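Since the structure is predicted, the reported quantities are computational estimates derived from the model, not experimental observations. Residue numbers begin at 1 in each chain, while the letters A, B, ... track the order of the sequences. Excluded from the calculations below are hydrogen atoms, water molecules and symmetry mates; all remaining heavy atoms, backbone and side chain alike, are included.
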Amino acid sequence: MKQLLRSKEAGILLIIVLLSLLITLKNPVFLTSSNLLDILKNNTVPGIVAMGMLLVIITGGIDVSVGAMTAAVTVIIGKYMVHAGGNLLTVFLLGCGSGAILGAINGFFVAKLDIPPIVVTLGTMSIINGGMLYYTGGSWITNIPKWFIDFGRIKLLGIPVQILFLVGAAVLTHWVLRYTLIGRGVFAVGGNPIAAVRAGFHKDKILLFLYSYLGFMVGLAAVVHTSIMRQVDPNAFFSFEMTVIAAVVLGGANVLGGEGSVFGTILGVMMLAVIQNGLILAWIPTYWQQIVVGAIILLAVSLDVMQNRRRQDQLTRIDVAGEAPFGG
Amino acid sequence: MENNKKEYMLCGVLAIIVIIMSILSPDRFLSLYNLQTMAFQLPEFGIIALGMMIVILTGGINLSITSGSALAGIMAAFILSGRVMVGASIGMSIALAIGVILVTSVLLGLLNGFVVAYIGVTPILVTLGSKTLYEGISMWLTKGGAISNFPEAYYWFGNESIIGIPVPMIIFIIIALITYVLLEKTPWGTRVYMVGSNPTAAVFSGINIKRVLMQVYVYSALMAGLAGVIMLSRYNSAKVDLGSSYLLQSVAAVVLGGTNIAGGSGKVFGTVIAVAILQVISSGLNILGVNRFIIDMITGAILIAVLTLNIISNRRESRRKSDETVLVAENRG
Amino acid sequence: QAKEYTILVMPKLVGIPYFNASETGALQAGKDLGVNVIYAGPTQADAAAQVKMIEDYISRGVDAIAVAPNDPAALTPVLRRAKQRGILVMDWDTPADKSVVELSVHQIDDKVYGEHNWDLLVEAMGTDEGEYAIITGGLAAANLNTWIDHGLAYAKEKYPNLKLVTERIPSDEKQQEAYRKTLDLLRAYPNLKGIIGISTPAPIGAAQAVEERGLQDKVAVVGTALPNDSAPYLKSGALKVSTLWDPAKLGYLTVALAVKRLNGEEVYDGMEISNVGVIDVWDDGITVIMGPPTDFTADNVDQFDF
Amino acid sequence: MAEERFLQMEDLSKTYPGVKALDKINMEIRAGEVHALVGENGAGKSTLIKILAGAEIPDPGGRILIDGEPVSFAHPLEALRRRIAVTYQDLSLFPNLSVVENITISRKIEEGARHIDWREMRSTAQDALAKLDLDIDLTTRLSDLSLANQQLVAIARALVHDARLLILDEPTSSLSAEEVNALFRVISTLKAQGMSILFISHKLDEVFAISDRITVLRDGQHVGTYLREELDEEKLISLMVGRKIRFMQYEKRSVGKPLLEVKHLHKKGNFADISFTLHQGEILGLTGLVGAGRTEVAQAIFGRIIPDSGQIYLRGKEMKITSTTQAVQAGIAYIPESRQTQGLFLGKTLADNLSVTRLDSLANQFGIIRIDLLKDYVGKWIQRLSIRPPYPKMLIDQFSGGNQQKAILAKWLAYEPTVLIVDEPTNGIDVGAKSEIHQLLRELADQGIGIIMISSELPEVLAVCDRILVMRRGRVAAEFPKDDATQEKIMNAAILGGDARQDVS
Ligand SMILES: Nc1ncnc2c1ncn2[C@@H]1O[C@H](COP(=O)(O)OP(=O)(O)OP(=O)(O)O)[C@@H](O)[C@H]1O
Ligand SMILES: Nc1ncnc2c1ncn2[C@@H]1O[C@H](COP(=O)(O)OP(=O)(O)OP(=O)(O)O)[C@@H](O)[C@H]1O
Ligand SMILES: [Mg+2]
Ligand SMILES: [Mg+2]
C-alpha cells in the first residue's frame with residue numbers, strides 16, 4: 001500500500017478519484033455501476049490499443065499510425081464478414097493477423113532501417129489511410145452478420161464481453177512486460193539502447209516484436225470496436241492516435257523511453273474517459289466543455305509533476321550522521 | 001563529423017520532383033501562374049513548420065501550434081471585422097489586429113513555456129492539453145462560426161505581390177532568415193541546440209534552460225501567430241479549425257528536413273527545403289488531377305523513402321570513409 | 001458541342017459516404033452530358049486545404065468550379081480570382097459568398113429543412129412537449145449550425161413546450177461519439193423524450209444507444225442520415241425516421257446546371273432537369289433548390305440504395 | 001601461472017571515419033592470467049575490448065582465435081556465448097531498471113531464457129553482490145545509485161557470467177580504496193579458478209598490484225607486452241607516452257583572502273552542518289568515501305541543490321543562489337562527476353562542447369557568433385589540453401573517454417571562474433593528462449582562483465591540495481592542512497570520523 005502511494009501512478013489515481021468525487025457531487029448517477037460499466041465498455045478500444053502503444057513508448061518510440069491501422073482492420077474484417085461470412089475465430093484471426101502485419105511493416109522500417117518511429121508512422125499513416133479511403137470511398141459497411149452482433153451483446157455476470165478483452169489485453173501486456181525476457185528488453189532498449197545491445201539483446205528483434213504486438217492489439221481493438229458499433233465507418237478513427245498517446249503518457253509513461261506501466265496506462269485511459277463522461281453528466285454547457293477538458297489536463301499533469309518533484313526533493317540520499325534515517 | 005549532406009540530398013530530391021512534375025505537365029506546372037500560386041501557398045505552412053522545428057530542436061513538440069494560430073487569428077478577426085473596436089480607422093484596426101495576434105501568441109506561448117519549463121511537464125502532454133484548451137476558447141468565442149468580412153486593405157498581406165514576389169513569400173523569407181541567424185549563428189541558438197542535446201549537461205553548463213525553453217515556446221507561438229496573419233488575409237476569415245491540417249504536416253516537414261525528433265540537431269534550411277518538397281508534391285499532383293488519397297499515399301511514401309535513403313547513404317558514407325582512411329594509413333606506412 | 005468542358009466539383013472533403021454518393025451522381029452527369037468532370041476535395045474538412053486545391057486546379061485550367069465550402073468566407077478571395085480568370089464559379093451543398101458565385105445549387109431550402117427536422121421530432125415523440133437534445137456533427141460545421149438555428153427559432157414559435165435540455169452536442173462526425181454521448185445524455189437527463197441527430201452518423205449512434213438501453217418506446221430519435229445506414233435502426237424502431245435528399249442527384253444536378261451555364265443557357269424556376277426533376281430557382285436568379293427532402297421510415301427504406 | 005594460450009588476436013585493426021583506432025594488433029591472452037591493458041587516452045584500449053566483446057566489428061583482415069579456432073562476433077551475444085564478459089568504460093547499464101535486472105539480465109539472455117524468474121534472478125544478483133562485499137538494495141533503480149555503486153553493479157553483472165575471459169574497462173575509476181581492494185580480492189579468486197582477466201586502468205599502482213602481464217598501446221599500435229616484473233612505473237609511463245613524466249608534488253603556498261565561506265549548510269537527507277572557508281588561490285581538497293555527500297555539497301554551492309538552511313558568502317557577500325545559471329554568473333563553475341549524463345552534449349561536435357560556456361564572448365556586437373573567434377578559441381583549447389584527435393568538427397561521442405573529460409574541463413577553464421569546483425576531475429584520465437590537469441589547476445590557483453577538488457584518489461589529493469576536508473556521512477569529519485595530512489589519517493577520518501577538526505584557520 002505504502003509503495004502504491006509512493007508510486008508514479010498514485011498522483012493520477014488521486015486525480016481520478018478527485019474528479020469522480022466532483023462529478024458525483026453534481027450528479028450521483030456517475031457512481032452507478034451501470035454508468036461505470038458504460039465508461040469501461042466505451043473505452044475498451046483506446047484501452048486495448050494503449051496496451052500496445054505502451055510498449056512502443058517505453059522504447060522511446062511513438063506510433064501515430066494506429067488510427068489508420070485500426071480503421072483499416074475494421075474495414076478488412078467488415079468486408080470479410082459481409083462477403084465471406086466466416087466465424088468468430090476466423091474474424092479474430094484475420095483481425096489480429098492483419099493488424100500484426102501492418103504493425104510489422106512499421107517495425108521493419110524502425111528496426112531494420114533505423115528510421116525514427118515518428119517518421120515511419122507518419123508515412124504509413126498517410127499510406128494506410130489514403131489507401132483504405134481510396135478503396136472504400138469512406139462508405140460504411142453495414143449488414144454485419146447477426147452472429148457477430150450477438151457476440152458483441154454477450155455479457156458475463158453482467159459485464160459486457162468487450163471489457164473482458166480489455167482485461168485480457170492488460171493482463172497479457174503486464175505479463176509480457178514483467179515476466180518475459182523480451183518484455184524486459186523493451187525496458188532495456190528504452191533505458192539505454194546501446195547497453196541493451198551490449199547486454200546481448202537483439203534490438204531489432206525487440207522492435208519488430210513490439211510494433212507487431214501493437215499491431216496485434218490494434219487488430220483486437222478493431223474487432224472489439226466492430227462488435228460494439230455493429231457497422232464499419234472507415235472514418236471512425238480519425239485522430240484516434242492522439243487519444244491513445246495522450247492516455248499512455250498521462251498514465252506516466254515517459255515519451256523519452258524507459259518508463260511506463262500497464263496500471264498507469266489504464267489509469268490514463270480512465271482519466272480521459274471520466275472527464276468525457278463527466279462533461280455531460282455534470283451538465284457542463286457544450287461551449288465550455290473543451291475549455292474544461294484542456295484545463296483539467298493541464299492542471300492534472302502539472303499537479304502530478306509538482307508532487308513528484310516535491311517527493312524527489314525530500315528523498316534521503318545520504319544517511320547523514322546524527323539524522324534519523326528517513327526521519328523526522 | 002557534421003556536414004550538410006542531408007540538406008544536399010533534400011535539394012536533390014526537390015530537384016528530381018520538380019523535374020518529374022515539369023515533364024508530366026510542362027505547360028501547367030511551370031506556368032508563371034502556378035509558380036506564383038505555390039509561392040502564395042507555401043509561406044503559411046513554412047512558418048508553422050519553423051515554429052514546430054524550434055520546439056522539436058529542444059526535444060519537445062508543439063501540438064497546440066495550429067490551435068494557437070487559430071485562436072490568435074480569431075482574436076484579431078474580431079477587430080478586423082469590426083465586431084469589437086467599432087469605429088476605429090482601417091489602418092488603426094489593421095495595426096491593432098496584428099498587435100493583438102502577436103500579443104495573444106506570446107501569451108499562449110508563455111502558458112506552454114511556463115508549464116514545460118517551470119513546472120516540468122512533458123511537452124507532448126502540455127501541448128495536447130493547451131491544444132484542447134485553445135480550441136475550447138476559440139469555440140467558446142465563436143460558437144463554431146467563422147469571423148469574416150475584413151477591410152480590403154488587409155488582403156494585402158496574403159494576396160498581393162511586390163515586384164512579382166508574393167507578400168507572404170517575402171514575409172516567409174524574412175522569417176526564415178531571422179530564424180536561421182538566431183538558431184545557427186547566435187549564442188542563443190546554440191543554447192537551444194544544447195538544451196535539446198542534453199538538458200542535464202546544459203544545466204551543469206550554467207545554461208538557464210528554463211528561460212531558453214520558455215523563449216522557444218514563445219517563439220514557436222509567435223510563428224503560429226505570424227502564420228495566422230497570413231492565413232487570416234488569405235482566407236478572409238477566422239475559424240476554430242483554421243489551418244488545422246498543418247499540424248501533423250508540419251511535424252512531417254520538420255523530420256523530413258533532417259531535424260532529430262529527439263532534439264539537438266536540425267537545420268533551418270533543411271526544413272525550408274522539406275516544406276518546398278511537400279508543396280511541390282501537393283500542387284504538382286493536384287495539377288495532374290491525382291486523387292487526394294493517392295497524393296497522401298505518395299507523400300507518405302516519399303517521407304519514408306527520403307529517410308531511408310538518408311540512412312543508407314550514411315552507412316555507405318561511413319564505410320567509404322573508413323576505406324579511405326585505411327588507404328591513407330597504408331600509403332603512409 | 002464544340003468543346004469538351006472540364007468541370008471541377010469540389011466537396012467539403014472526400015472519403016465520406018455522403019460525398020461519395022454525390023461523386024457518383026456528378027460523374028454520371030459528366031458521362032451523360034459529355035463533359036469532363038473532376039471530383040476532388042481535401043481529405044479533411046479544412047478551408048485552407050480547400051483553398052489550396054482550388055488554386056492548384058486554377059493552375060491546371062478548368063472551365064467551371066463548383067465547390068461545397070467548409071468556410072464560405074475563406075473561399076471568397078480564391079473564387080474571385082477564379083472568376084477573374086474566366087472560370088464559371090458556383091457553389092453546391094453549402095452556400096458560398098453570394099457575391100462571387102454565379103449559381104448556388106442547393107439540395108434544399110435550409111430553413112425548410114431545419115424546420116422539417118423539428119416537425120419530424122414532434123411527430124415521432126407523439127407530443128409537442130417534453131425534453132429533447134440535439135447531437136450535431138461538429139460545432140464548427142456551418143451548414144449544420146444553420147439548420148439547427150433555423151429549427152430552434154422555429155421551435156420557439158411553434159412548439160414552445162419543447163424543452164432543449166442542453167446546447168447542441170458535438171459528435172465529431174463519428175457514430176461511436178454520438179453513441180457514447182447519447183448514453184451519457186440518457187443518464188444526465190432521465191426525462192429525455194427525443195433526440196435530433198444532425199449530420200449523418202449522429203442519429204445512427206443515438207439510435208444505437210437508445211436501443212441498447214431498451215428505450216425505443218420512451219425516446220424518439222430522428223435526424224439526417226443515409227437510408228442504407230439507417231435501415232437496421234429504422235427496422236428495430238430505435239430510429240423513428242431519418243431524412244435526407246439523394247446526394248447523387250445533387251451531384252448530378254450540379255454538373256447539369258454547370259453545363260447549361262457554360263453553354264450560355266438560362267436557368268429558371270420550374271425548369272425540368274432530366275434524371276433530377278423540376279427545380280426551384282429563387283428570385284435572386286442564383287439560388288437553385290433541388291426539391292424537398294425524402295423521409296426514410298421502416299416501410300420505405302428498402303427502396304433506396306445510398 | 002598457466003601458460004596455455006587461450007585467446008589470440010591477429011592483425012586486428014579498427015578504423016573509424018577519419019581515425020585509425022587500432023592498427024594491426026597482435027596479442028594473446030593466456031588462461032588464468034590478469035592482463036593489464038594500458039595506454040594514453042585514445043590509445044585504442046576501449047576499442048580493442050569492444051571488438052573482443054562483439055560490440056564493434058573489426059576491419060576485415062584481422063582474426064580472433066579462441067583455443068586456436070577462429071571466431072567472429074557479429075553481435076555481443078555471440079561473445080557472451082563464447083564466455084567473454086565485459087564491463088564497459090561507460091558502464092552500459094540501464095538507468096531505468098532495478099539493480100537485480102542490471103546484474104542478471106544479460107546472463108538470462110546468454111542462457112537463452114524466455115521468461116523471467118524474479119526469485120532466481122534475485123538470488124543470483126545477491127550472490128554477485130556478496131562476492132564484492134556489497135550491500136545494495138536489490139530493488140533500487142539504478143539511476144538512484146551513486147556512480148560508484150553503479151560501477152560496482154556493472155562489475156557484478158560481469159561476474160554472474162560464467163566467463164572464461166572477464167574484461168574490465170576502467171572498473172575502478174570512481175571506486176574508493178576499500179572498494180578497489182574488494183574488487184582485487186575477487187579478481188584473485190577468479191584467477192585462481194582459471195579465469196583470464198583483461199584489465200584497463202589509468203591508475204598504474206593498480207596495474208602493478210594486480211596484473212601478471214602488461215600490454216601497452218600507443219596511437220592504436222601495439223607497443224609491447226611485458227611481464228610485470230620487467231617494468232617499473234617510470235618505464236611503463238615512457239612506453240605509454242614516449243617520454244618521461246614526473247608526478248609533481250606541489251608546495252603549499254600562502255593563500256589569499258577568504259573567497260568562499262560556507263556556514264552551517266544543511267539539507268535534510270543530504271548533508272548537515274557544513275562549514276568551511278575557501279581562500280583565494282587555494283586548492284581545497286574534499287575527500288571521503290564515496291557516498292559521503294561531497295557531490296551534494298558541491299551542487300548546493302552550484303545552485304543545483306537548494307539547501308534547507310545555512311549561508312554561503314562569496315567575497316564576504318551573502319549569496320542566495322537558486323539556479324546553476326546564477327552560480328555561473330557569480331563566477332562559480334562546477335565540473336560534474338558523471339561525464340556521460342551530466343557533462344557531455346552527445347551528438348554535438350567537440351567545438352560545440354568546448355564553446356558552450358563562452359558563447360557570448362565569441363559574438364560580435366550584433367550578437368552573431370564570429371566564426372574566426374570560435375575557431376581560434378576552439379583551436380587554442382584543443383591544443384592547450386592536447387585533445388586528440390584535434391578535430392573540432394568531430395562528434396564528441398567519437399572521442400575516447402579521457403579526451404571527452406578534457407573537453408569538459410576545457411570549457412570551464414575557458415570560463416575563468418572565481419571559484420572552480422571539480423568533482424573527480426581525473427577520472428579515466430591517463431597519467432600524462434592527469435599531471436597536465438594538476439598543473440593546470442595549480443596555475444589557475446596561482447592566478448587567484450579558489451578551487452575545490454573532490455577526489456577519492458588520495459595520492460592526488462595529497463599532491464595537489466593546500467588543505468583537505470574529509471567528509472563522512474554528510475558531515476565534515478576532519479580538516480587537515482597539507483603538511484599534516486597522510487593517507488592513514490584521512491582514511492581514518494573518512495571511515496571512523498575523527499571529530500577533532502584540526503587547524504581551523
Ligand atoms: N564511434 C567512434 N567514431 C569515431 N572515432 C571513434 C569512435 N570511438 C572511438 N573513436 C576513436 O578511436 C580512438 C580510440 O578510442 P578508445 O575509446 O579506444 O580509446 P581509449 O584507449 O579507451 O582511451 P581512454 O583511456 O580515454 O578511454 C580515439 O581516437 C577515438 O576518438
Ligand atoms: N537522484 C538520486 N536519487 C536518490 N538517491 C540518490 C540520487 N543520487 C544519489 N543518490 C544516493 O546518494 C548517495 C550519495 O551519492 P553521491 O555520489 O552523490 O555521493 P558523494 O559523496 O558525492 O559521492 P562521491 O564521493 O563519489 O562524490 C548514494 O548512496 C546514492 O544512492
Ligand atoms: Mg577507453
Ligand atoms: Mg559524488
Heavy-atom distances under 4.5 Å only: say whether [X] touches chain C with side chain, backbone, both or neither.
X: A:Asn277; answer: both
X: A:Thr142; answer: side chain
X: A:Asn235; answer: both
X: A:Tyr287; answer: both
X: A:Leu133; answer: side chain
X: A:Ser34; answer: both
X: A:Phe238; answer: both
X: A:Pro285; answer: both
X: A:Leu279; answer: neither

Highest number of heavy-atom pairs under 4.5 Å with chain A: which of [options]?
options: C:Glu173, C:Arg187, C:Glu167; value: C:Arg187
options: C:Leu139, C:Asp172, C:Thr166; value: C:Leu139
options: C:Asn228, C:Leu226, C:Ile204; value: C:Ile204
options: C:Glu212, C:Gln175, C:Arg180, C:Lys181; value: C:Gln175
options: C:Pro170, C:Pro232, C:Pro201; value: C:Pro201

Looking at [options], which makes the most heavy-atom pairs under 4.5 Å with chain C?
options: A:Ala236, A:Pro234, A:Gly130; answer: A:Ala236
options: A:Ile280, A:Val45, A:Ile39; answer: A:Ile280
options: A:Gly137, A:Ala282, A:Ser139; answer: A:Gly137
options: A:Asn143, A:Thr32, A:Ile228, A:Asn129; answer: A:Ile228
options: A:Asp38, A:Asn27, A:Val29; answer: A:Asp38

Which portion of C:Gln44 sits near chain A, non-hydrogen atoms under 4.5 angstrom: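 Looking at C:Gln44, just its side chain touches chain A.
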Contact class of C:Phe306 relative to chain A, heavy atoms under 4.5 angstrom: neither
Side-chain donor/acceptor of C:Lys240 to backbone N/O of C:Gln216, under 3.5 Å: yes
Heavy-atom donor-acceptor pair, A:Thr265 side chain to A:Gly251 backbone, under 3.5 Å: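 No; judged by distance alone, with no hydrogens or angles, the pair does not exist.
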Stepwise side chain to side chain contact (heavy atoms under 4.5 Å, CB included) test for C:Tyr233 and A:Arg230: CA-CA 11 Å; C:Tyr233 295 100; A:Arg230 300 169 207 163; 4.3 Å; yes
More than 12 heavy atoms from other groups under 6.0 Å of NZ on C:Lys52: yes
Check: C:Phe19 ring centre within less than 6.0 Å of C:Trp92 ring centre: yes
Closest non-hydrogen atom pair between [X] and [Y], with its separation:
X: C:Val37; Y: C:Leu27; answer: O-CD2, 3.8 Å
X: A:Thr74; Y: A:Thr226; answer: CG2-OG1, 3.7 Å
X: A:Gly95; Y: A:Val223; answer: CA-CG2, 4.2 Å
X: C:Arg213; Y: C:Leu186; answer: NH1-CB, 3.8 Å
X: A:Ala68; Y: A:Ile128; answer: O-CG2, 3.6 Å

cation_pi(C:Lys174, A:Phe240) dist<6.0 Å, angle<=45: no
Criterion salt bridge (charged side-chain N to carboxylate O under 4.0 Å, His left out) on C:Lys235 and C:Asp302, from CA distance to verdict: CA-CA 10 Å; C:Lys235 287 177 188 161; C:Asp302 287 337; 3.1 Å; yes
Check against side chain to side chain contact (heavy atoms under 4.5 Å, CB included), C:Ile38 and C:Arg60: CA-CA 11 Å; C:Ile38 304 171; C:Arg60 182 183 201 269; 3.3 Å; yes
